[in-house]
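The structure under discussion appears below in the form of C-alpha cells.
Indexing begins at 1, ligand by ligand and atom by atom, following the structure's order. Numbering starts at 1 and runs along the sequence shown.
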Amino acid sequence: MSEKTKELFDSINAKAVLLKAPDPNFYYFSGLSVGHFFGTALILRQGKKPVLLTTRFYSVPKALRKNLVVKTVENSKKVRKILGQHLKGRRIGLNYNFATKKGYADLRKMLKGKAFFDVSKNLAEVRAVKTSGEISKIRTAVGITEKVLQRVPKIYRRGMTERALALAIELEFRQKADDSIGFPVIVASGANGSVPHHMPSEKRIGKGFLLVDAGCRYRNYCADLSRTFFVGSATERQRELYQAVFASQRFSLSLIKPGEKCSGIFAKAGKFLKSETGFSLIHGLGHGLGIEVHDSPRGFLEGSNERLKPGMVLTVEPAIYGRFGGIRIEDDILVTKTGCRLLSSAPKKLVEF
Ligand code: GLY
Ligand code: MN
C-alpha cells in the first residue's frame with residue numbers, strides 16, 4: 001500500500017474507497033495515464049494493493065501491474081461480484097465531487113447494505129502535500145515547459161495567428177513530454193490578453209504584449225507557467241508595468257512559508273500589486289499544482305482558510321489586465337521547511353522581439 005493510501009485510510013473510518021475514471025484521484029492512486037481508462041474503477045483497500053476493474057479495451061502498462069490487482073470484467077454481473085468481494089466493511093468511501101446521482105443510485109442497488117460517505121475532503125488533504133516522487137515529476141514538467149516558453153521568440157513567425165503559435169507550443173510539448181499537455185495553451189495578443197483565460201483565436205499576433213500561459217504534462221504531472229512577451233519595441237511605461245508585476249511576484253514569494261494562511265498572502269500580495277501598478281488582482285494569486293492543473297490546495301484566494309505546509313506545490317501568478325491587454329508572470333513553487341523554492345525562473349526583463 002502506498003504511503004498516500006495509508007494516509008487516506010488513517011483519516012477515515014472505512015476499509016475501502018471506490019473511485020471511477022475520469023476522477024483525477026483514480027489516476028493519482030493507480031498511476032494510469034490521465035485521459036485513459038474512462039468508466040473503469042479502482043478500489044482502494046486498507047493495507048492492500050488497489051483493485052482495478054477494467055475492460056479488455058484497455059491494456060495496463062507492465063510497470064504498473066505489480067502495484068495493482070487487475071480484474072478484467074465483461075459484464076455487470078462480474079462487476080457486482082468483484083465489488084462485493086473487495087469492498088470490505090459496511091462503510092464505503094466515495095468522492096462525491098465525482099459521484100453522479102445515477103452512479104450513486106446504481107451502486108446502492110448493486111451493493112445493498114453498504115453505507116456510502118464522502119471522502120472528497122480527505123482526498124484533497126492527502127494530495128495537498130506532494131511526495132518526493134511527485135515533486136520530481138512536476139520539476140521535469142516545469143523544466144520542459146520553461147525551455148519551450150523560452151523558445152517562443154524563435155517559434156514565432158511574422159503574421160502567425162494566436163492559434164498557430166498555441167499549436168506549435170503544444171506540438172513541442174507532445175514531442176518532449178510523454179503525456180503531452182496539462183491544458184490547452186493560452187496565447188493572447190494585445191487586447192485579447194485582458195481575458196485571463198483567452199482562447200487562442202485566428203487573430204494575427206500584432207505589436208504589443210503577448211501573453212502565453214502553458215504547461216506540459218509529464219508522467220501525469222502538470223506544469224503551469226505564464227510568460228508575457230512584447231512583440232515590437234515596448235515603451236518605457238510598458239517596461240515599467242512589466243517590472244512592477246515582476247516585483248509583485250518577488251514580494252509574493254517572500255511571503256510564502258509554512259504555517260502562513262493562503263488568504264493572508266493573497267491579501268498582502270494584492271495590496272502590493274495595487275500600490276505598484278494601480279491595478280487590482282482580479283483572480284487568485286495562485287493555486288495548487290499536481291496531477292491536476294488546479295490541484296490541492298486550492299491556493300491563494302480570498303477567504304481561504306488553508307495554511308501552507310512543506311511539500312505543497314503552488315503557482316504564483318500576479319497579473320494585471322486592462323485595455324492594453326494582460327501582463328501575467330506565473331511560476332511554480334515548492335513550499336519548503338523555511339520558505340519556498342522556485343521550480344522555474346521568470347525572465348527578469350521583458351523579452352521583446
Ligand atoms: N494556467 C491556467 C490556470 O491557471 O487556470
Ligand atoms: Mn495557473
- Message: Looking at Gln238, I want to see if its CD is surrounded by more than 12 non-hydrogen atoms of other residues, nucleotides or ligands under 6.0 Å.
- Response: yes
Closest to atom 3 (C) of ligand 1 among protein heavy atoms sits His294 NE2, 3.1 Å
- With the side chain counted from C-beta on, respond yes when Leu87 and Lys15 share a heavy-atom pair under 4.5 Å apart, and no when they do not. no
Which atom pairs, donor and acceptor, lie under 3.5 Å between side-chain atoms of residues 16-26 and protein residues at least two apart or in another chain?
unit_1, atom_1, unit_2, atom_2, d
Asp23, OD1, Asn25, N, 2.8
Asp23, OD1, Asn25, ND2, 2.9
Asp23, OD1, Asn95, ND2, 3.4
Asp23, OD2, Asn95, ND2, 2.8
Asn25, OD1, Arg127, NH1, 2.9

Numbered in order shown, the ligand 1 atoms found under 4.0 Å of a heavy atom of Asp213 are 1 (N), 2 (C)
Check whether Phe116 forms a cation-pi arrangement with Arg108 (NZ or CZ under 6.0 Å from the six-membered ring centre, at most 45° off the ring normal).
no
Protein-derived N, O or S atoms lying less than 2.8 Å from the Mn ion (ligand 2), waters not counted, sum to 4
For Phe183, the atoms of ligand 1 under 4.0 Å from one of its heavy atoms are 1 (N)
Applying salt bridge (Lys or Arg N to Asp or Glu O under 4.0 Å) to Glu302 and not counting sequence neighbours gives none
Identify each donor-acceptor pair in which a side-chain atom of residues 313-327 lies under 3.5 Å from a protein atom, sequence neighbours left out, and give them as a table.
unit_1, atom_1, unit_2, atom_2, d
Thr315, OG1, His287, N, 3.0
Thr315, OG1, His287, NE2, 3.4
Thr315, OG1, Glu317, OE2, 2.9
Glu317, OE2, His287, NE2, 3.0
Tyr321, OH, His283, NE2, 2.6
Tyr321, OH, Arg328, NH1, 2.7

Lys NZ or Arg CZ of Arg250 over Phe246 ring: under 6.0 Å, within 45° | yes
